Undergrad: 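Please read through the structure below; I'll follow up with questions.
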Amino acid sequence: MQTGSSGEVRSVVGATDTRGKHRISAELKRLEQETRFLEEELEQLEKLERASASCKELLINIETRPDPLLPVLLINIETRPDPLLPVTNGPVNPTWDRWFEGPQESSGCRCWIL
Amino acid sequence: MSVAELKERHMAATETVNSLRDRLRQQRLLLLDTDVAGTPGRSQGKTPVTFGPTDLVCCRTLQGHTGKVHSLDWTPERNRIVSASQDGRLIVWNALTSQKTHAIKLPCAWVMTCAFSPNGQSVACGGLDSMCSIFNLNTQTDNDGSMPVSRMLSGHKGYVSSCQYVPDEDTHLITASGDHTCVLWDITTGLRTSVFGGEFQSGHTSDVVSVSINGSNSRMFVSGSCDSTARLWDTRVASRAVRTFHGHEGDVNTVKFFPDGNRFGTGSDDGTCRLFDIRTGHQLQVYNQPHGDNEAPHVTSIAFSISGRLLFAGYTNGDCYVWDTLLAQVVLDLGSLQNSHDGRISCLGLSADGSALCTGSWDTNLKIWAFGGHRKVI
């Protein structure tokens, strides 16, 4: 909300007065709409569960895909395998290690670009 | 009604809105009884992640840009990356072989963002020209690397800071802009399907600098803004955000959905990353490393590992922390490892299968990081 803009409105006669009036009116409508949205959100908050419930859900439901970045594989069907973790659920996908196979330098690259 | 009366009502309405916002903030604080790190978990889920010194290593350095790298994106089919640089070029890399397949000289050199289409045949980019340009990679380039633009998406009234294709839809993408809006585009027609926020709608009140689309439900996306908030949007409802997430005390530079699509992470100029729940609006965790008297470095970019257990965060001082998302502890700093970047890490991205992280830096390079240690089975 650009509340500062209300201070820029000048009370002058004629066409300028009309333009200023329309702008303030449009902003007022937006503020009234925003008020309704915020009141709705406040009502929803009264029925909302605490953060602890959402945190517990995160712990239980953290993804079940194997993670290639994790260093340890857990036999746990409820956690997503992560290739970057030292400890991860299986199954391991052998393609996770393709970054360490074959030539790792671009000396074979014959691209003329740049 | 006279102008004076309207002004009075405007002032009263502004006070009402501010008072309601304060009440909302206070109510939310009352519901924040704990965070993720403070929640007891099953023993395996809360075993700390520990990396040996040679576990996460830099296994590729992609050299070729001659200016700061601002943005990067992987293809869904795993091995290709597009990057955008201050040198005014997009480069498409085969990350496995380090080869460059395209080096596109852009009509406007001031590029800030790039994205790969889901089918890998096109790339999009945007920047200070306030437009999003689409290039078909099957098109021939000139000797100097110029390629005709296959579609120009114009309509933003400010710079294009971020763009992402809608998952599995090569014909739609979402942009974020310095004009305070996000836009959903139909690439086939070049027209705006929806505008989120803006002058006559409820939305961000400052530049929008980041966008992330939910991989599990592509109708939902989040945006991060210089107004210190992140907002969740439903593409079917452009008139208002589904929810606004407060908490950060500075520009929200980066947003990224959590792998399961029910949460998202943010990174900010206030030096912290945060995790939010999209269904309840709760802030689940703050990731903050104390810096003593020194001003905390700003977070430039974030990415989650495929399980969500790791949060990678790049900072303006060259650090790249690997956070354990469940314990809110830094388990590694990629910025301190051998072969790391020599400058700020400006962008991060995880490969589609989660086996590699790509970092882009102001040192002009991109680097690929993967797990090279021994995985134990327990």
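Letters go in sequence order (proteins before strands), and every chain restarts at 1. What you are looking at is a predicted structure, and each value in this text was computed from that prediction instead of being measured.
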Undergrad: Examine whether an atom of A/Glu49 lies under 4.5 Å from a heavy atom of chain B, and if so say whether it belongs to the side chain, the backbone or both; otherwise answer neither.
TA: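 When you check distances to chain B, atoms from both the backbone and side chain of A/Glu49 fall under 4.5 Å.
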Undergrad: Using a strict 4.0 Å threshold on nitrogen-to-oxygen distance, state whether A/Glu41 and B/Arg28 make a salt bridge.
TA: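 So A/Glu41 pairs with B/Arg28 through a salt bridge.
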Undergrad: Who among B/Gln63, B/Gln27, B/Arg279 has the most heavy-atom pairs with chain A under 4.5 Å?
TA: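 Highest number of heavy-atom pairs under 4.5 Å: B/Arg279.
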Undergrad: Kindly give the heavy-atom pair with the smallest separation between B/Ser98 and B/Trp93, and that separation in Å.
TA: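 That closest heavy-atom pairing would be O-CE3, 4.0 Å.
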Undergrad: So does B/Cys358 get a backbone contact from the side chain of B/Trp369, meaning a donor-acceptor N/O pair under 3.5 Å?
TA: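 Answer holds: no.
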Undergrad: Of the backbone (N, CA, C, O) and the side chain (C-beta and beyond), which part of B/Asp277 lies under 4.5 Å from a heavy atom of chain A, both, or neither?
TA: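 Side chain of B/Asp277 only, per the 4.5 Å heavy-atom cut-off to chain A.
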Undergrad: Using non-hydrogen atoms only, which part of B/Thr280 is less than 4.5 Å away from chain A: side chain, backbone, both, or neither?
TA: both
Undergrad: Examine whether an atom of B/Leu56 lies under 4.5 Å from a heavy atom of chain A, and if so say whether it belongs to the side chain, the backbone or both; otherwise answer neither.
TA: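 Just its side chain gets close to chain A.
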Undergrad: Among B/Gln283, B/Arg240, B/Arg243, B/Gln285, which residue forms the greatest number of heavy-atom pairs with chain A at distances under 4.5 Å?
TA: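 Option with the greatest count: B/Arg240.
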Undergrad: Of all of A/Asp97, A/Asn93, A/Leu42, which one pairs up most often with chain B through heavy atoms under 4.5 Å apart?
TA: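 The answer is A/Leu42.
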Undergrad: Looking at chain A, which one of B/Leu30, B/Asn262, B/Asn79, B/Leu62 has the largest number of heavy-atom pairs inside 4.5 Å, strictly under?
TA: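 Top option by heavy-atom pairs under 4.5 Å: B/Asn79.
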Undergrad: Counting heavy-atom pairs under 4.5 Å to chain A, which of B/Leu32, B/Leu24, B/Leu6, B/Thr34 comes out on top?
TA: B/Leu24
Undergrad: Where does B/Ala12 contact chain A at under 4.5 Å (heavy atoms): side chain, backbone, both or neither?
TA: neither
Undergrad: Is the CD atom of B/Glu8 crowded by more than 12 outside heavy atoms at less than 6.0 Å?
TA: no
Undergrad: Under a 4.5 Å cut-off applied to non-hydrogen side-chain atoms, are B/Asp324 and B/Leu311 in contact?
TA: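 No. Closest side-chain heavy atoms not under 4.5 Å.
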Undergrad: What part of B/Leu350 lies closer than 4.5 angstrom to a heavy atom of chain A: side chain, backbone, both or neither?
TA: side chain
Undergrad: Would you say that more than 12 heavy atoms from the other residues, nucleotides or ligands in this model lie under 6.0 Å from the CD of B/Glu15, or not?
TA: no
Undergrad: How about B/Arg25 and B/His246: do any of their side-chain heavy atoms sit closer than 4.5 Å?
TA: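 Yes, close enough: below the 4.5 Å cut-off.
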Undergrad: Would you check if the side chain of B/Thr325 reaches a backbone N or O of B/Gly308 as a donor-acceptor pair within less than 3.5 Å?
TA: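 Checked: pair present.
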Undergrad: Mark yes or no: B/Arg231 above the aromatic ring of B/Phe245, with NZ or CZ under 6.0 Å from the six-membered ring centre and no more than 45 degrees from the axis.
TA: no
Undergrad: Count the heavy-atom pairs under 4.5 Å between each of B/Ala95, B/Gly281, B/Gly373 and chain A, then report the option with the highest count.
TA: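 Heavy-atom pair counts peak at B/Ala95.
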Undergrad: Taking all non-hydrogen atoms of both residues, which atom of B/His282 and which atom of B/Leu31 are closest, and how far apart?
TA: CE1-CB, 3.7 Å
Undergrad: Which atoms of B/Thr50 come close to chain A, meaning under 4.5 Å heavy atom to heavy atom: side chain ones, backbone ones, both, or neither?
TA: backbone
Undergrad: Checking A/Glu43 against chain B: side chain, backbone, both or neither under 4.5 Å from a heavy atom?
TA: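 Interface part for A/Glu43: neither.
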Undergrad: If you count heavy-atom pairs within less than 4.5 Å of chain A, which of B/Gly52, B/Ala13, B/Ser355 leads?
TA: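 Looking at each option in turn, the highest pair count goes to B/Ser355.
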